[in-house]
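Start at 1 with the first residue, then count along the sequence. Side chains are part of it too, since the values below use all heavy atoms of this structure and drop only hydrogens, waters and symmetry mates.
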Amino acid sequence: MKRGLTVLACAIAIAIAGTAWGHEDGEGSVPLDEIRQVMREHALHPPAESVLEGLSAANFERELRALDPHARYFPAGTWRSPMLSRDAWVGIGAGLVFQQDGVMLLPYQGGGAALAGVVEGMWLLEVDGLSVTGVAPAELLRLLRGTEGSTVTLTLLPPGLNAAPVRLTMVRERFRPLDVELVDASGQRIVRVRDFVGGLTRPALLATLDFVLAASPPSAEGAAPLILDLRDSGGGDLYEALDMAALFLPAGAVLGSMQGPDGRSTVFHAPPGGKVDFPMVLWVGPETASAAEVFAGALQYHGRAKIVGRPTFGKCSSQRDVGLSDGSVLRLTNRMVWLPGGESCADVGIQPDRVVGTAMLRDPSRLLAVSMALRHGRGAKVPPPRAEPDAPAALHQEMF
């Protein structure tokens, strides 16, 4: 069961928001005949002919999502390769998580927000003196964006009991996010994996782990577990996720399998080679999706890592982008992904070994206490709960 609609967006994808899908025939029309043929040939579950023939431009968005919840249509000029999520954009280097009771700010390491003193879990109250209460997400993003070199002043409520609002001014600059970040939580180094980018995230993770493990080698008595933070990882390249999982598993271990429209499955095994043998805890939440879920599910199945957080999004499938003759692109689901035990995480997600409240999910210090206790087989002795009730699950996330 979904806990909210997660929009796994990168900075460049924000330009797509608000693009009309359904058009009448003529200029900007949807190439329905081509789309029907693509779905016949490439969809994981090709629709019946009567359903395909019933597709209409006027109701295309609704009808396409009814056939494939993860499908998307990009009109000509709006599609960008997922690899371009690594491109720099102009902004303060932060993510917004829209929740039912407010908007939370998540800074990216090295971005203007982090340099100005923004920390994870701060609630956004005002933009340049304008309250964000009741402001629609699209309008809020418009207020936050600006030209390179311009400034924006945010009023923020820090996490913590009896915290007072603060006003921080920051410069909008060209910023390139890292796929793997090394952050600090109560003196403990946390490795945050934001994206799984083919051929790039695995070496970035290895370089980061080399640095972390050199400071705290596995042989050190009582060494703290390696913590990988996947709470804001919306997925990416499935093969990259499998390759990364193989770093922590013995040669021959089943990583998972994929099944295409023909019904045949391909099983993937961990290859031989150097392995990272270190106790691990993964942090996950409702924003953890797709490739990130496959990575976490493989390590959990083999008992290689404990998982702390909230149930993940639930998307064990992969999509394919198919270009159409008018320059538009259809993204559709073309493969189902199975975890090592043969089960799917679709709709149910990965279930943590230790489930925490939604408020604690955004409190790294308390997550760390739970992780340490779970790693050593003890009951989690965590700081007392905050006065505020648990926040509802995130509705969606954008970056600016």
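- With a 4.5 Å cut-off on side-chain heavy atoms, L209 and F278 do not count as touching.
- With a 6.0 Å cutoff to the six-membered ring centre and a 45° limit on the axis angle, R176 does not count as a cation-pi contact of Y108.
- Judged by distance alone, the side chain of R335 and the main-chain N or O of M258 form no donor-acceptor pair under 3.5 Å.
- T312 and T288 form no side-chain donor-acceptor contact under 3.5 Å, judged by distance and modelled atom types alone.
- Put simply, the side chain of T201 gets close to the backbone of V197: a donor and an acceptor are under 3.5 Å apart.
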| task | Start with the C-alpha distance between V337 and L238, add both sets of side-chain angles, then the distance that settles side chain to side chain contact (heavy atoms under 4.5 Å, CB included), and finish with yes or no. | result | CA-CA 9 Å; V337 182; L238 281 167; 3.5 Å; yes
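- Here the CD-OG distance, from Q319 to S290, works out to 6.5 Å after rounding to the nearest 0.5 Å.
- The closest donor-acceptor contact from the side chain of K275 to the backbone of A246 lies under 3.5 Å.
- Here the closest heavy-atom approach between residue P159 and residue V119 is recorded as CD-CG2, 4.3 Å.
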| said: Quick one, S257 with Q259, criterion side chain to side chain donor-acceptor pair (under 3.5 Å). Give me CA distance, side-chain angles, the key distance, then yes/no. | reply: CA-CA 7 Å; S257 61; Q259 182 180 40; over 6 Å; no
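- Summarising the geometry, atom CG belonging to L200 is positioned 12.5 Å from atom CG belonging to L205; distances are rounded to the nearest 0.5 Å.
- Of all non-hydrogen atoms in N334 and P261, the two that sit nearest each other are O-CD, 3.3 Å.
- For P165, the side-chain contact (heavy atoms from CB on, under 4.5 Å) partners are L125, T155, L157, not counting sequence neighbours.
- The shortest non-hydrogen separation linking P225 to Q188 is O-NE2, 3.4 Å.
- A side-chain N or O of E63 and one of S56 form a donor-acceptor pair less than 3.5 Å apart.
- For R172 (side chain) and L144 (main-chain N/O), a donor-acceptor pair under 3.5 Å exists by modelled atom type.
- Two residues are said to be in side-chain contact when any heavy atoms from C-beta on lie closer than 4.5 Å; V191 and V212 meet this criterion.
- Taking the charged nitrogens against the carboxylate oxygens, D128 and R167 have no contact shorter than 4.0 Å, which rules out a salt bridge.
- Closest heavy-atom contact between L282 and A305: CG-CB, 3.9 Å.
- A distance of 11.5 Å separates CG of L230 from CD1 of I227, quoted to the nearest 0.5 Å.
- Connection of V132 to L130 is established within a shared hydrophobic cluster, with ILVMFWY side chains joined at heavy-atom distances below 4.5 Å, either directly or through further cluster members.
- Between the side chains of E126 and S131, no donor-acceptor pair of N or O atoms lies under 3.5 Å.
- Counting only heavy atoms from C-beta outward, the side chains of V30 and I35 approach each other to under 4.5 Å.
- A salt bridge does not link E293 with K315: none of the charged nitrogens is closer than 4.0 Å to a carboxylate oxygen.
- Atom CG in L226 sits 8.5 Å away from atom CD1 in I190 (nearest 0.5 Å).
- Between the side chain of E34 and the backbone N or O of G323 there is no donor-acceptor pair closer than 3.5 Å.
- A single hydrophobic cluster is seen to contain both V294 and L247, as judged by linkage of ILVMFWY side chains at heavy-atom distances under 4.5 Å, directly or through other members.
- Using a 4.5 Å heavy-atom cutoff, the side chains of R320 and V322 are in contact.
- At least one side-chain heavy atom of W283 sits less than 4.5 Å from a side-chain heavy atom of S371.
- With hydrogens and angles ignored, the 3.5 Å screen pairs no side-chain donor or acceptor of D179 with any backbone N or O of D195.
- Between D321 and R331, at least one side-chain nitrogen of the basic residue sits less than 4.0 Å from a carboxylate oxygen of the acidic one, meeting the salt-bridge criterion.
- Side-chain contact check for S328 and W79: no donor-acceptor pair (N or O, by modelled atom type) lies under 3.5 Å.
- Using a 4.5 Å cut-off between side-chain heavy atoms of Ile, Leu, Val, Met, Phe, Trp and Tyr, with links allowed through other members, M244 and F268 fall into the same hydrophobic cluster.
- Judged purely by atom type and a 3.5 angstrom limit, E240 uses its side chain to pair as donor or acceptor with the backbone of R202.
- Side chain of R310 to main chain of E287: no donor-acceptor pair is present (N/O by atom type, distance under 3.5 Å, no hydrogens or angles).
- Put simply, the side chain of I350 reaches to within 4.5 Å of the side chain of C345, judged on heavy atoms.
- Closest of all the heavy-atom pairs between P47 and M39 is CG-CE, 4.1 Å.
- Taking the six-membered ring where tryptophan is involved, the planes of F60 and Y73 are perpendicular, since the angle between them exceeds 60° and thus also 30°.
- With hydrogens and angles ignored, the 3.5 Å screen pairs no side-chain donor or acceptor of R65 with any backbone N or O of H70.
- Using a 4.5 Å cut-off between side-chain heavy atoms of Ile, Leu, Val, Met, Phe, Trp and Tyr, with links allowed through other members, L206 and F211 fall into the same hydrophobic cluster.
- No donor-acceptor distance shorter than 3.5 angstrom exists from the side chain of E120 to the backbone of D363, with no hydrogens or angles considered.
- Nearest heavy-atom pair, H302 versus V254, reported as atom, atom and distance to 0.1 Å: NE2-O, 2.7 Å.
- Counting only N and O atoms by type, the side chains of S233 and R194 include no donor and acceptor under 3.5 Å apart.
- Using a cutoff of 4.0 Å between basic side-chain nitrogens and carboxylate oxygens, R231 and D229 are scored as salt-bridged.
- With rounding to the nearest 0.5 angstrom, the SG atom of C316 is 9.0 Å from the CH2 atom of W338.
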| task | Carefully, step by step, assess L156 and W123 under the rule side chain to side chain contact (heavy atoms under 4.5 Å, CB included). | result | CA-CA 5 Å; L156 303 160; W123 293 92; over 6 Å; no
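- Contact of the L67 side chain with the L55 side chain is registered, since non-hydrogen atoms from C-beta on lie closer than 4.5 Å.
- Under the 4.5 Å side-chain heavy-atom criterion for ILVMFWY residues, a single connected hydrophobic cluster contains both I92 and V166.
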| request: Walk me through it: do L213 and V276 pass the test side chain to side chain contact (heavy atoms under 4.5 Å, CB included)? | output: CA-CA 9 Å; L213 299 182; V276 179; 3.9 Å; yes
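- For R174 and E148, the salt-bridge test passes: some basic side-chain N is under 4.0 Å from an acidic carboxylate O.
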| task | Any chance you could lay out the side chain to side chain contact (heavy atoms under 4.5 Å, CB included) test for V152 and M170, step after step, and finish with the verdict? | result | CA-CA 6 Å; V152 60; M170 52 208 75; 4.0 Å; yes
| message | For a salt bridge (Lys or Arg N to Asp or Glu O under 4.0 Å) check, start with the C-alpha distance between D262 and R264, then their side-chain angles and the critical distance, and finish with the verdict. | response | CA-CA 6 Å; D262 60 4; R264 292 184 293 182; 3.0 Å; yes
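- Between the CZ atom in R72 and the CG atom in L332 there is a gap of 14.5 Å [rounded to 0.5 Å].
- Annotation: side chain of R354 is not in contact with side chain of K306 (no heavy-atom distance under 4.5 Å).
- Residues R40 and E49 are paired through a salt bridge, judged by an N-O separation under 4.0 Å between the basic side chain and the carboxylate.
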